[in-house]
Amino acid sequence: MKERLVAIDVSSIEELQRIKAEQEVILERLDLMEEKQGAVSEEVYDRVHRDYEGRMKALDAEAGPLKEQARGEYGVLKTVLVEIESSLKTAEMDQEELQLRHDLGEFSDEAFGTQQEEHEAQVSGYQNDLAEAQELKERFLSAFHTEEELEEGSQSGLAEETPEGDPEPFGGEEFTEEADLPEGPPPLPENNGVFGEVPDLQPVVEAEEAAPVAMEAEEVPELTAAIPLPSQVPDGATMILRWPKLLLQTEAGDFEEHTVVGGSTVLGSGSACDITISGIKVAERHAEITLAEDGHVIRDLESSVGTLINGVEITEWKLADGDSIQLGEVVLIYKE
């Protein structure tokens, strides 16, 4: 984490602070001019006013590219902040679990003392990283007039790229580390999304016109439970299969979207995985998402650091809409 914080470019902050200070002086003088407007001729007032407006425009033009650079680096910082807070929460829970197991007599005092020191060091390290990241955030804020000005353009372009008619990601709200994730999947559309006009969803399977409705389960291996019975699909209708997605926030602050397709999807850093996830401590074959009768299940593939769902380490877990999946230091969001 510390290496990624050090890599954040803050070279634009000092120049932006200088420009901001000059602009604030000009704004104060413009306010003072309003009070003195009646004491000077209109020509002189207009001349000085135009001069100050010209200076403001020149400073705005100078600040423009610097602000874009700062917003890009701030987007990286926000991603790192989310990961640090998630890792700190996990470390604190591990520490609490160790104490409980010791109280239950699972560890000797000596073994507990050794592990306790290791957990305390880990928690302390993440706390230091968090303090450093928050201090860096304050430096970025100091270079802008408002937090809203800094946030402008540093958000993911996901919402802007959402096709018209599709639901906005995360309920149309900005996704942050403090955002409340949805408690469950969104309500199904009329006729349960089996057929009808559902835009931009793939794959689409056309039912053969006048074909017999009888079908053996073997004709659709591994997907029978998730696909409606053929008797539910009228002749000539279009049957829609809706696959869940994994959203991964990149260092640039954008979101990568990965679709979970088929009966089994392996996640990991290896090139042979169905979805390749690059990141610190991500195993070559880290976890597997499989299709079950009532949804999707994720299973840790005995990775060295484990798989966490909503901050809790799991062996196997029935996924729900909005679940946070942590592989090493990479966090993904499961969306149905």
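Side-chain atoms are counted along with the backbone in the values below, which use heavy atoms only and exclude waters and symmetry mates.
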Checklist line | Pair F140-R71, side-chain contact (heavy atoms from CB on, under 4.5 Å): steps then yes or no | finding: CA-CA 9 Å; F140 276 101; R71 286 169 180 146; over 6 Å; no

Item checked: Closest non-hydrogen atom pair between S86 and V331, with its separation -> OG-CG2, 4.4 Å

Item checked: same_hphob_cluster(L291, V297) at 4.5 Å side-chain heavy-atom cutoff -> no

Check: So, does N310 use its side chain to make a donor-acceptor pair with the main chain of S324 at under 3.5 Å?
Finding: yes

Check: Can you check whether S142's main-chain N or O pairs, donor with acceptor, with K20's side chain at less than 3.5 Å?
Finding: yes

Notebook entry, point to check: Does a side chain donor of either S264 or E288 reach within less than 3.5 Å of an acceptor in the other side chain?
Noted result: yes

Next item on the list: Given side-chain contact (heavy atoms from CB on, under 4.5 Å), test R299 with T290 step by step and report yes or no.
Entry: CA-CA 8 Å; R299 177 172 58 91; T290 56; 5.5 Å; no

Note to self: Between R285 and E302 (side chain of the first, backbone of the second, donor and acceptor by atom type, cut-off under 3.5 Å), is there such a pair?
What the structure shows: no

Checklist line | Nearest non-hydrogen partners of F144 and L150, listed with the distance | finding: CE1-CD1, 3.4 Å

Checklist line | Polar side chain donor-acceptor pair, Y45 to E34, under 3.5 angstrom | finding: yes

Notebook entry, point to check: Is the backbone N or O of E149 less than 3.5 Å from a side-chain atom of K67, with the two atoms forming a donor-acceptor pair by type?
Noted result: no

Notebook entry, point to check: Would you say the side-chain atoms of H286 pair up with the backbone N or O of A283, donor to acceptor, closer than 3.5 Å?
Noted result: yes

Next item on the list: Show your reasoning for whether side-chain contact (heavy atoms from CB on, under 4.5 Å) applies to Q326 and K281.
Entry: CA-CA 11 Å; Q326 183 173 345; K281 297 183 181 179; over 6 Å; no

Margin query: Would you say that more than 12 heavy atoms from the other residues, nucleotides or ligands in this model lie under 6.0 Å from the CZ of R18, or not?
Written below: yes

Margin query: What verdict does the side-chain contact (heavy atoms from CB on, under 4.5 Å) test give for R139 and Q17, after you've listed the backbone C-alpha separation in whole Å, the side-chain angles of each residue and the deciding distance to 0.1 Å?
Written below: CA-CA 9 Å; R139 289 186 63 189; Q17 288 174 332; 5.6 Å; no

Note to self: Looking at E83, is its backbone amide N or carbonyl O close enough to the side chain of S87 to form a donor-acceptor pair, meaning the two atoms are under 3.5 Å apart?
What the structure shows: yes

Check: Can you name the closest pair of heavy atoms from L27 and M56 and give their distance?
Finding: CD2-CE, 3.9 Å

Distance-only criterion, 3.5 Å: show the donor-acceptor pairs between side-chain atoms of residues 99-108 and protein atoms not counting sequence neighbours.
unit_1, atom_1, unit_2, atom_2, d
Q99, NE2, D103, OD1, 3.0
R101, NE, E97, OE2, 2.9
R101, NH1, E106, OE1, 2.9
R101, NH1, E106, OE2, 3.2
R101, NH2, E97, OE2, 3.0
H102, ND1, F107, O, 3.3
H102, NE2, D109, OD1, 3.3
S108, OG, A111, N, 3.2

Notebook entry, point to check: Quick one: are E85 and Y126 in side-chain contact, heavy atoms under 4.5 Å?
Noted result: no

Checklist line | E96 atom CD: more than 12 heavy-atom contacts under 6.0 Å | finding: no

Check: Cluster partners of I309, using ILVMFWY side-chain heavy atoms under 4.5 angstrom, listed by chain and number?
Finding: L246, L248, V260, L267, I275, I277, V282, I289, I298, I314, W317, L319, I325, L327, V330, L332, Y334

